[in-house]
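Heavy-atom basis, side chains included; hydrogens, waters and symmetry copies ignored. Just so we're clear, the structure is a prediction, and the values are computed from it rather than from any experiment.
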Amino acid sequence: MSRSGLPSPERKILMTVLKQHHAPGMPAEVYDQVAAGAMPSQSKADGFVAHYAIVEDGGITAIEIWDSIDQHDAWFNEVVKPHLPPDTPEPKFAELHNSNAK
């Protein structure tokens with residue numbers, strides 16, 4: 001940061017993102033197996049903030065908070081993507097405007 005409090009031009013600004021990834025038809029038991037192998041490295045991944053999973057619409061939806069899409073992709077493409085069926089839809093990302101946590 002510069003003395004003015006604004007980012008220096010040479011620094012990349014990270015935008016915190018919310019990821020939603022629905023895996024249609026994925027049983028909770030399959031998600032649990034993938035999650036058991038992935039979560040230890042996810043907790044240590046650069047940019048990772050939080051992970052939540054819900055059973056909905058005949059599959060699993062993972063909702064995550066990351067410091068950036070690039071940090072998510074670096075971890076996800078190596079650790080999770082190889083275990084997903086090839087027809088799994090791509091995740092959706094939205095830049096967070098505001099958040100509040102306990």
Side-chain angles (χ1 to χ4, degrees):
M1 290 268 190
S2 70
R3 290 180 188 258
S4 68
L6 298 175
S8 302
E10 66 274 2
R11 292 194 57 178
K12 184 176 181 179
I13 299 171
L14 297 179
M15 294 295 185
T16 303
V17 294
L18 180 132
K19 172 198 126 169
Q20 293 179 314
H21 196 194
H22 183 67
M26 178 180 277
E29 297 78 22
V30 172
Y31 163 82
D32 292 342
Q33 289 175 342
V34 173
M39 286 191 169
S41 70
Q42 185 182 48
S43 295
K44 298 174 188 170
D46 286 341
F48 172 72
V49 178
H51 172 94
Y52 309 93
I54 57 176
V55 177
E56 69 173 356
D57 299 330
I60 294 287
T61 299
I63 300 161
E64 297 175 351
I65 309 293
W66 286 82
D67 287 340
S68 74
I69 294 172
D70 289 344
Q71 289 171 316
H72 163 270
D73 288 351
W75 173 82
F76 180 83
N77 290 338
E78 180 182 332
V79 176
V80 176
K81 197 167 190 172
H83 301 286
L84 297 178
D87 60 344
T88 301
E90 290 295 314
K92 297 177 184 177
F93 292 91
E95 185 178 311
L96 289 178
H97 176 73
N98 190 10
S99 67
N100 185 24
K102 185 175 182 179

Heavy atoms only: give me the nearest Pro82-Asn77 pair and the separation to one decimal. CD-O, 3.6 Å
Criterion side chain to side chain contact (heavy atoms under 4.5 Å, CB included) against His21, the qualifying member of Ile60, Val80, Thr88: Thr88
Please lay out, stage by stage, how Glu64 and Gln42 fare under the test side-chain hydrogen bond (donor to acceptor under 3.5 Å, both in side chains). CA-CA 11 Å; Glu64 297 175 351; Gln42 185 182 48; 2.8 Å; yes
Aromatic ring centroids of His72 and Phe48 under 6.0 Å? no
Could you grab the distance from atom OG1 of Thr61 to atom CD of Gln20, nearest 0.5 Å is fine? 7.5 Å
Can you hop from Leu18 to Ile69 via hydrophobic side chains spaced under 4.5 Å? no
First locate atom CH2 of Trp75, then atom CG of Asp70, and finally report the distance between them rounded to the nearest 0.5 Å. 15.5 Å
Around atom CG of Asp46, are there more than 12 heavy atoms from other residues, nucleotides or ligands closer than 6.0 Å? no
Residues Ala28 and Val55: closest non-hydrogen pair is CB-CG2, 4.3 Å
Can you name the closest pair of heavy atoms from Asp67 and Val49 and give their distance? OD1-CG2, 3.7 Å
Any chance you could lay out the side chain to side chain contact (heavy atoms under 4.5 Å, CB included) test for Ile63 and Ile54, step after step, and finish with the verdict? CA-CA 8 Å; Ile63 300 161; Ile54 57 176; 4.2 Å; yes
Taking ring-ring contact (aromatic ring centres under 6.0 Å, His included) as the test, write out the residues that go with His22, two or more places apart. none
Taking all atoms of both residues into account, what is the closest heavy-atom pair of Pro40 and Ala35, and its distance? CD-O, 4.4 Å
Could you tell me whether Glu90 and Lys81 have a side-chain N and a carboxylate O separated by less than 4.0 Å? yes
Under a single-linkage definition using a 4.5 Å side-chain heavy-atom cutoff for Ile, Leu, Val, Met, Phe, Trp and Tyr, are Phe93 and Leu84 assigned to the same hydrophobic cluster? yes
Are Trp66 and Thr16 close enough that a side-chain donor and a side-chain acceptor fall under 3.5 Å? no
Do the ring planes of Tyr31 and His51 sit parallel (below 30°), tilted (30 to 60°) or perpendicular (above 60°)? parallel
